[in-house]
There are 2 protein chains.
Amino acid sequence: MDGGGETKTKDVGQLGRVTIRTVAAHSGVSVAAVSKVLRNAYGVSDNLRNKVTASIDALGYRPSRSARGLRGRTFTIGVLLIDIANPFLPQVIAGVNGVLAPSNIRAMIGVGQAETQLETSLIESMIDYKMDGVILVAPRLPSDVIATFARDIPIVVVGYHDPGAQNFDTVNCDDEAGAALAVQALLAQGLSDIGMLTVEQKVCYDVSVVQQRERGYRDAMAAAGLAKQARLHRLPENFATHDAALSAFLDDPERPAAVFCWSDLDAIPLLNLAAARGIGVPDQLAIIGYDNSPLGALNLISLSSVDQDGQGLGALATETLLSRIEGRKAALHLKIPPSLVLRRSAG
Amino acid sequence: MDGGGETKTKDVGQLGRVTIRTVAAHSGVSVAAVSKVLRNAYGVSDNLRNKVTASIDALGYRPSRSARGLRGRTFTIGVLLIDIANPFLPQVIAGVNGVLAPSNIRAMIGVGQAETQLETSLIESMIDYKMDGVILVAPRLPSDVIATFARDIPIVVVGYHDPGAQNFDTVNCDDEAGAALAVQALLAQGLSDIGMLTVEQKVCYDVSVVQQRERGYRDAMAAAGLAKQARLHRLPENFATHDAALSAFLDDPERPAAVFCWSDLDAIPLLNLAAARGIGVPDQLAIIGYDNSPLGALNLISLSSVDQDGQGLGALATETLLSRIEGRKAALHLKIPPSLVLRRSAG
DNA sequence: CCTAAAATGGAGAACGTTACACATAGAACG
DNA sequence: CGTTCTATGTGTAACGTTCTCCATTTTAGG
């Protein structure tokens, strides 16, 4: 039988793709039995399992995900990223891949480029591919649109504060607490003239991390008896115009002595522009960013920043999605705590 | 009939997924006719096409990619990235997405994390999903392994110099020319004591961009009559130990007056470490990197760097893959020219 | 008008796997 | 030994679409 098996291996190799039928013939059992082994279904003897597993190994069989998608699981999850250049996102992906590595589940990533139509199209592609579930990272989609998708596929959303959602899960850093950490650190340094640089976000503002960070800033200022001094400086939505807006902020004669910036994406350019103007950081302007991106750690930049543990977020979102895929219906809304990393720009 | 069509829309919405059978019934034609319309196949009258298209729109029908994968095209291409944190890669992805945007083809990305096993597993997933083709970006896979995969799926490889490959295409920046640009710029500044910082790469060194950049450096030095002075300083393969190696390079009493660095990934930390040591850049050490990553443009860093047009690479790779998917068999090996961006670190 | 060629639309099987129903063998119990 | 229960393995249809073959209709030319 073994010799025959080897002969068949060679013949099969010339006949095209190894299918479940090939494995069944090779191990002398039915197609349904092979399928049961593959799905780890109940009602399989050890003997049969060993026979089938040996044939799978000998033939190098891999199931077709397309065929599986018609009836069962594909062992793939989709991850939709708002864009790929944000230095926070590699950490999230590392967290996702870290959880999946020991399994046969793989992550496929779509990059939405902060365009609602492309985001929608990519989610649809993931549904049409019958992926087992989807993680959305900072999507620009209204909650009811996500809920509609959630009828077709399990969904976990990261960087999206919608605690009332019932059809999908959310996993977030506690952005209010993060902003408060920044304000408190500046206060602890004797600074009280503390502004916040935020950014315009017309789409989905109510569920955005931006709104949460603004609220955290305002509440922390109020808690310190500085509610009247709290000031938001709002950058325009179009990222390409941020340098001009940051320059205007720096050149404003009423510029605060310290600033909490909504993201390292703008804190680092701010620091850079300040240096070019001879504005001393932190002496004339203390700066705290958000995300603790790796480039902020460079000595030449040395940005203080709130760390939201992107890797932890990615890992938790993945575990949450896997539990939803397994059948959980009740929505989970999870928050992880931020931390503050102090560097030269403040403290 | 129109009223009946509307009634059916509502009923179908309650019966689950809209399938090709739903569309056929709605438009009063056969399943095969609808399929012909979807595939833009020959033998479809305008009248029938209009009827079917109207039904598709009315029902919001989207074909199942799983089902399509069993027999036809899925209109999805896979992109395998070596890792996601490399600042060059967002440009590549932007190039890919730019070419695909007007079509219904979508890109799904896998992140290999420079691990051969994970890379292999992700490519297999893309094959098992019956994606139409795959772009591999700087893969750590031997040429014969890629050729084996290319028997199952159209492949274009980026950042991988294998001009003899017959079963897959390559799209690269001319890395030799890029290195030469850097050397020539330093020579033009009167510098002749020019070293190169490169990195150990045991896997696939022969096809690597590293080897090409080393060769370009050596040839340019030789062309300037400086062959004897050409020196490579090799960083270890483990990225986590690069800071220590860069520090050792900076502390070496025989440190050259200028250095061409294989990548901004190490050029920026080098610049950072030099500043921390009070080493004047470019006066005591001129530095040119490779990739022209966005952070190198920050005033606080201001790194001179070879630009390899990541976006152009991504776009060209995508177009090349699409032509291979359409049936081209002859291998293409394309190179695009680099350019040099001079900033404060050299120039 | 007739004939031949081209265009059109449909029937039905293929694609590769899963899930369900059920026949049968083996185990447990009186 | 006979009956009941449990475990195992199999047959077969479903899943949603594409592809091939071919019957019929339409078009073109004499």
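Side chains included, hydrogens not; waters and symmetry mates left out as well; all remaining heavy atoms used. Because the structure is a prediction, the values reported are computed rather than measured. Within every chain, numbering begins at 1; the chains are lettered A, B, ... in the order of the sequence lines, protein sequences first and strands thereafter.
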* Would you give a per-nucleotide map of nucleotides 4-9 of chain D, 5' to 3', where B means the base has a protein non-hydrogen atom under 4.0 Å away, S means only the sugar-phosphate does, and - means neither? => ---SSB
Non-hydrogen side-chain atoms of [X] and [Y] separated by less than 4.5 Å:
| X | Y | value |
| --- | --- | --- |
| B/L100 | B/S103 | yes |
| B/V111 | B/L80 | no |
| A/T170 | A/L334 | no |
| B/V92 | B/Q311 | no |

* Identify, with sequence neighbours excluded, every residue that meets side-chain contact (heavy atoms from CB on, under 4.5 Å) alongside A/R62. => B/E124, B/I127, B/D128
* List for me each residue that meets side-chain contact (heavy atoms from CB on, under 4.5 Å) alongside A/S66, sequence neighbours excluded, and say none if there are none. =>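 Checked A/S66 against side-chain contact (heavy atoms from CB on, under 4.5 Å); matches are A/S64, B/L70, B/K130.
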Result block: side-chain N/O donor-acceptor pairs under 3.5 angstrom for residues 136-149 of chain B, not counting sequence neighbours:
from: B/S143; atom 1: OG; to: B/D162; atom 2: OD2; distance (Å): 2.3
from: B/T148; atom 1: OG1; to: B/D144; atom 2: O; distance (Å): 2.9

Which pairs would a plain distance check flag for residues 150-159 of chain A, meaning a side-chain donor or acceptor within less than 3.5 Å of a matching protein atom at least two apart in sequence or in another chain?
none

Going by atom type alone, with no hydrogens or angles, which donor-acceptor pairs under 3.5 Å involve a side-chain atom of residues 41-51 of chain B and a protein atom two or more places apart or on another chain?
from: B/S45; atom 1: OG; to: B/L48; atom 2: N; distance (Å): 3.1
from: B/R49; atom 1: NH1; to: B/N40; atom 2: OD1; distance (Å): 3.3
from: B/N50; atom 1: ND2; to: B/D46; atom 2: O; distance (Å): 3.3

* **Interatomic distance, B/K130 NZ vs D/dG16 P [rounded to whole Å]** =>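 The answer, rounded to whole Å, is 19 Å.
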* Interatomic distance where CZ belongs to B/R21 and P belongs to D/dT18 [whole Å] -> 12 Å
* Looking across every strand, which nucleic acid part, if any, lies under 4.0 Å from B/S35 by heavy atom: base, sugar-phosphate, or nothing? ->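 Here B/S35 touches the bases of the nucleic acid.
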* side-chain hydrogen bond (donor to acceptor under 3.5 Å, both in side chains): which pairs involve residues 105-118 of chain A, sequence neighbours left out? -> A/R106-B/S121, A/Q113-B/N97
* To do: For the helix from C/dC1-D/dG30 to C/dG30-D/dC1, measure the angle between the helix axis at one end and the axis at the other, each built from five pairs, rounding to 10°.
  =>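 Inter-axis angle at the ends, rounded: 30°.
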* Who passes ring pair (Phe, Tyr, Trp, His ring centres under 6.0 Å) against A/Y129, sequence neighbours left out? ->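 A/Y129 satisfies ring pair (Phe, Tyr, Trp, His ring centres under 6.0 Å) with B/Y129 only.
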* Asked: Residues from residues 67-74 of chain B sitting under 4.0 Å of DNA chain C, heavy atoms only?
  ->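 Within residues 67-74 of chain B, the residues near DNA chain C are B/L70, B/R71.
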* Asked: Going 5' to 3' along DNA chain C, which nucleotides are the first and last within contact of chain A (any atom under 4.0 Å from a heavy atom)?
  ->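 The contact span of chain A on DNA chain C goes from C/dG16 to C/dA19.
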* To do: Would you check if there is a donor-acceptor pair between the side chains of B/S323 and B/T320 at a distance under 3.5 Å?
  => no
* To do: Any salt bridge (charged side-chain N to carboxylate O under 4.0 Å, His left out) involving residues 67-84 of chain A? Give me the pairs, sequence neighbours left out, ordered by first then second residue.
  =>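 For residues 67-84 of chain A, and leaving out neighbouring residues, the salt bridge (charged side-chain N to carboxylate O under 4.0 Å, His left out) pairs sorted by first residue read A/R73-A/D132, A/R73-A/E326.
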